[in-house]
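Below is one structure, written out as structure tokens, with a few remarks after it.
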Amino acid sequence: MDKEKELQIIEDMQAVVAQMKADDIEENPDCEFEGFDCQCCGEEKSLAGSVVYDGIRVCNDCVLLAEIGFALGKINNIQDLIKNMEDKKLEAQCNFLKQEELGQNN
């Protein structure tokens, strides 16, 4: 696959995933402010635009990564993305713990 086609796929997926989030917010405005811990990146994210793959809820940002990965043939399932995101998830968890500790010390 050439770079131009890859870029087109990425742009198309960005538009689709952004529209998914906008549709969720239009359908249920509260979902934009309802959070959950993404099982892929480990960050607390908005429910808006999140998707459940094989019983695993991932945030809109991770949905974008997943859909691009699927379209480009880089990953086969959500577990592949989760495995590739382990370092980012660990970093997010460490940052959360640091913030908790700072909050308790104040």
To the nearest 0.5 Å, how far apart are CG in Leu72 and CD1 in Ile10? 5.5 Å
Quick one: list whatever passes salt bridge (charged side-chain N to carboxylate O under 4.0 Å, His left out) with Lys5, sequence neighbours left out. none
Supply the atom-to-atom distance Ile68 CD1 to Glu11 CD, rounded to the nearest 0.5 angstrom. 10.0 Å
The complete set of salt bridge (charged side-chain N to carboxylate O under 4.0 Å, His left out) pairs with one or both residues in residues 43-58, sequence neighbours excluded, reads Glu43-Lys45, Glu43-Lys88, Lys45-Asp61
So, Asn60 side chain and Ser50 main chain: donor-acceptor pair closer than 3.5 Å or not? no
Remaining members of the apolar cluster that contains Leu7, side-chain heavy atoms under 4.5 Å: none
Residue set satisfying side chain to side chain contact (heavy atoms under 4.5 Å, CB included) with Glu86, at least two apart, ordered chain then number -> Lys83
Who are the side chain to side chain donor-acceptor pair (under 3.5 Å) partners of Asp37, not counting sequence neighbours? none
Which value, rounded to the nearest 0.5 Å, describes the distance between Lys74 atom NZ and Glu6 atom CD? 5.5 Å
Between CE on residue Met85 and CD1 on residue Ile75, distance to nearest 0.5 Å: 10.0 Å
Among Val17, Asp24, Ile25, find the one that has a side chain to side chain contact (heavy atoms under 4.5 Å, CB included) with Lys21. Ile25
Start with the C-alpha gap between Cys59 and Phe36, add the side-chain angles, then the distance that decides, and say whether side-chain contact (heavy atoms from CB on, under 4.5 Å) holds. CA-CA 8 Å; Cys59 69; Phe36 75 102; 4.1 Å; yes
Contacts of Glu32 that satisfy salt bridge (charged side-chain N to carboxylate O under 4.0 Å, His left out) - sequence neighbours left out: none
Smallest heavy-atom separation, Tyr53 atom then Val63 atom, equals OH-CG1, 3.6 Å
Sole residue of Leu64, Ile78, Leu81, Leu65 in side chain to side chain contact (heavy atoms under 4.5 Å, CB included) with Val58: Ile78
Could you pull out the closest heavy-atom pair between Cys38 and Cys41, with the gap in Å? SG-N, 3.5 Å
CG of Asp2 to CD of Gln8: how many Å apart, nearest 0.5 Å? 11.0 Å
At what distance, to the nearest 0.5 angstrom, does CG of Asn28 lie from CG of Asp23? 12.5 Å
